[in-house]
Every structure is written in C-alpha cells, then in structure tokens.
Amino acid sequence: MHSVRNFFCGDSPDLAKRGARVIMACRDVAKAETAKKEIIEDSGNQNIIVHKLDLSDTRSIKEFAELINNEERQVNILINNAGVMMCPYSKTADGFEMQFGVNHLGHFLLTYLLIDLIKRSTPARIVNVASTAHRWGSIRLDDINSERRYDPVKAYGQSKLANILCTRSLAKRLQGTGVTVYSLHPGVVRSDLWRHLSTPIQVAVKVFRPFTKTSVQGAQTSIYCAVAPELEKESGGYYSDCKPARCTRAASDDEMAQKLWELSCQMLGITWD
Ligand SMILES: NC(=O)c1ccc[n+]([C@@H]2O[C@H](COP(=O)([O-])OP(=O)(O)OC[C@H]3O[C@@H](n4cnc5c(N)ncnc54)[C@H](OP(=O)(O)O)[C@@H]3O)[C@@H](O)[C@H]2O)c1
C-alpha cells in the first residue's frame, strides 16, 4: 500500500503501522520532518517520505505531482486532507479565493495530475476530507472567488460543498477503473483549523471539548474510507463516524456538480472530461 496524503494528522501513523509507504505532502517541510520522526518512532516504519506541497500555488502542485509521477511506481491511496477555514480574505498565487483555491481547486488539480498513476495502481482509493460545514455555503458560479462579497463562513462552506460534489463527479468518471472515491466529515476536531476564528469562538470550542475529537479520533473516518474492505464496491458517497452520512440536497445536485467540474477545469486551464 502506497499513500499520498497532504499533511500530518492521526491517519499517517495509522497507515504507517499498517505498513504503508506514506508520502506526506506539506507546505511546512520542517514541521513535517518533526512529524515524520514521531511517526517512525511510533510505528517502526521507516518508509515515510516528506515532500513540499503548497496547495495555494499551482506551480508547487505541478512540481510535487511531477516528482511523484517520476519517482513512485504506485499510489494506492490519495487522502486530500489539507484545509484552511474562515481566513481573512486573501488569494492564492493564481488569484483564486484562498479557501476555494486550497480546499477545492488545489486538491482537484493534484488529483488530476496523479490520476493516471492512481489508475495504474488499482485497487486504489481517493479520499476527500470535506465537512458538515458544506451546509453553510452554496456554489456561487457568478462570484466563485467571492470578489463581490466575502463571507468567510460561506466561502468555507462553498469549498467543502465543492469537495462533496467533486467526489460524486469523479466517482462517475472512474466507474469500472478500480479507483473508488469518498468524501467525509471528520467530526469537530481539536486542531489548528480554528486558528482564524475569534477568541470567543475559540473559547467556546474549548468549553465544548467533551463533544469534540482528538486528531487521532478525527482521522478514523478518513482511515475507514481509505482501507475498509466493505467499501471496496462503494464510490462517490459521503461518510461520518465511519458510516454513510446524509449530506444536503445541494451536495447531491449532479447538474451543479457538472457545472462546478467545468468551471474548475476552466480556472485551472485543464481538460478533464
Ligand atoms: N477540525 C475540524 O473540526 C474539522 C471539521 C470538519 C472538517 N475538517 C477538515 O479536516 C481537514 C483537516 O483539518 P484539521 O482540522 O486537521 O486542521 P489543521 O490542523 O489546521 O490542518 C490543516 C492542514 O492543512 C495544511 N494546509 C493549509 N493550507 C495549506 C496549503 N496551502 N498547502 C498545503 N497544506 C496546507 C496545514 O498546514 P500547516 O501545518 O503548515 O498550517 C495543516 O497541516 C480540513 O480539510 C478541514 O476542512 C476539520
């Protein structure tokens, strides 16, 4: 089992313990190297690799994908996990609104650039870490970069809705290839994701600590989607707490999923039918 996952959380140690070659794709290589040491100590698996990947820059994504395509014989599991939540308005190197650019377009491009290798590595799985926050947003085709109006909560919701819609679209395109695709909500996890929220909200998250998950607990649904044998024949679904979950009607809108797919390709200058 060879896996690429973009950033360190509870699932890398788990996959390492299962004997996977784990490629950690991270923007902060020094931080990733520290995490790598911990994973090796904890799992006894030396086969842990760190590579630089900045999802807010298509040049970095292309460089990373080229490296993987040249160096790796197979990628059985791709976990698209990295994310940014409710940051102040900013743009990626390519001019995309940051949350849509990193959480959706960055992963979309990465998946596109690795898809041939993944198809040659079957059975293979792609896991997209979405969120129940997909309920907070809609796909604003006429202002996808929130240039006219930026609401950080809605922009985060839009990016997570895009994760679920693209999972559905990709599953259809990969039918019969041996590659299956899943999206999921990890739970409310005590992590650095909350870094851009105001102090009162961060305090509220601490108050609700008993109802939140550690990063190891938060990784369980990603691991489930990545390895559970019972999901072998499933593709395109949305999961939470290691079982199928309900998403909104907007997240099951295949017409919108197609429009989003076309817009994403157009924004990235790629052709992916
Ligand atoms: N925490 C929750 O309650 C929750 C709930 C629902 C969904 N999720 C989803 O779960 C996923 C993981 O989030 P988390 O809670 O573990 O948050 P986190 O601790 O903030 O981890 C997010 C990771 O994404 C990385 N990242 C951000 N921007 C990046 C970029 N431009 N290029 C490469 N990496 C980048 C961060 O890198 P640095 O380490 O360098 O900052 C960080 O390691 C996200 O997709 C999030 O939307 C989380």
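We're numbering straight along the sequence, starting at 1. Computed from a predicted structure; not experimentally measured. When a ligand or atom number is given, it counts from 1 through the structure's own listing order.
- Interface of Ser131 with ligand 1, defined as ligand atoms under 4.0 Å from a residue heavy atom, comprises 6 (C), 7 (C).
- Between Lys160 and ligand 1, at least one pair of N/O atoms sits closer than 3.5 Å.
- Taking every non-hydrogen atom of Val188 and a distance limit under 4.0 Å, the qualifying atoms of ligand 1 come out as 3 (O).
- Below 30°, between 30° and 60°, or above 60°: for Trp136 and Tyr156 the angle between ring planes is between 30° and 60°, a tilted geometry.
- In summary, the side chains of Glu262 and Gln258 do present a donor paired with an acceptor at a separation below 3.5 Å, with no hydrogens or angles considered.
- Ligand 1 is never approached by Ser215 to a heavy-atom distance shorter than 4.0 Å.
- Numbered from 1 in the order shown, with element, the atoms of ligand 1 that lie under 4.0 Å from a heavy atom of Leu53 read 32 (N), 33 (C).
- Nearest-heavy-atom check against atom 2 (C) of ligand 1 across Asp192, Val189, Val102 picks out Val189.
- At a 3.5 angstrom cut-off on N or O pairs, Leu193 counts as close to ligand 1.
- Remark: the Thr212 side chain and the Arg190 side chain contain an N/O donor-acceptor pair separated by less than 3.5 Å.
- Of all atoms in ligand 1, listed by their number and element, those nearer than 4.0 Å to a heavy atom of Ser56 are 31 (N).
- When the heavy atoms of Ile61, Asn163, Val129 are ranked by distance to atom 10 (O) of ligand 1, first place goes to Val129.
- Note on Asp57 versus Arg27: no salt bridge recorded, every NZ/NE/NH1/NH2 to OD/OE distance being 4.0 Å or above.
- In terms of modelled atom types and a separation under 3.5 Å, the side chain of Tyr182 and the main chain of Glu234 share a donor-acceptor contact.
- Remark: ligand 1 and Gly83 share an N or O pair separated by less than 3.5 Å (distance only, no angle test).
- Under a 3.5 Å cut-off, the side chain of His51 and the backbone N or O of Phe64 do not form any donor-acceptor pair.
- If you number the atoms of ligand 1 from 1 as listed, the ones under 4.0 Å from a heavy atom of Asp54 come out as 30 (C), 31 (N), 32 (N).
- Within the 4.0 Å heavy-atom cutoff, His185 counts among the residues contacting ligand 1.
- Those atoms of ligand 1 that come under 4.0 Å of a heavy atom in Gly187, given as number and element, are 2 (C), 3 (O), 4 (C), 5 (C), 6 (C).
- For the ligand labelled ligand 1, residue Ala130 lies inside the 4.0 Å heavy-atom shell.
- Taking distance alone, with nitrogen or oxygen atoms compared against 3.5 Å, Leu55 approaches ligand 1 more closely than that limit.
- Ion pair Lys17/Asp42 flagged as a salt bridge, since at least one NZ, NE, NH1 or NH2 atom sits closer than 4.0 Å to an Asp/Glu carboxylate oxygen.
- Between Lys213 and Asp241, at least one side-chain N (NZ, or NE/NH1/NH2) sits under 4.0 Å from a carboxylate O, which counts as a salt bridge.
- Using a non-hydrogen distance threshold of 4.0 Å, Arg195 registers as a contact of ligand 1.
- Under a 4.0 Å N-O distance rule, the pair Arg168/Asp254 qualifies as a salt bridge.
- Atoms of ligand 1 lying under 4.0 Å from at least one heavy atom of Asp28, given by number and element, are 40 (O).
- Here the options are Phe100, Tyr150, Phe96, the test is ring-ring contact (aromatic ring centres under 6.0 Å, His included), and the partner is Tyr89; only Tyr150 passes.
- If you number the atoms of ligand 1 from 1 as listed, the ones under 4.0 Å from a heavy atom of Lys31 come out as 38 (P), 39 (O), 41 (O).
- For Ser191, a nitrogen or oxygen atom sits less than 3.5 Å from a nitrogen or oxygen atom of ligand 1, counting backbone and side chain alike.
- Of the listed residues (Tyr156, Trp194, Phe64), the one carrying the non-hydrogen atom nearest atom 47 (O) of ligand 1 is Tyr156.
- Salt-bridge check for Asp14 with Arg18: passed, with a basic side-chain N closer than 4.0 Å to an acidic carboxylate O.
- Side chains of Asn103 and Ser159: a donor-acceptor N/O pair is present below 3.5 angstrom, by distance only.
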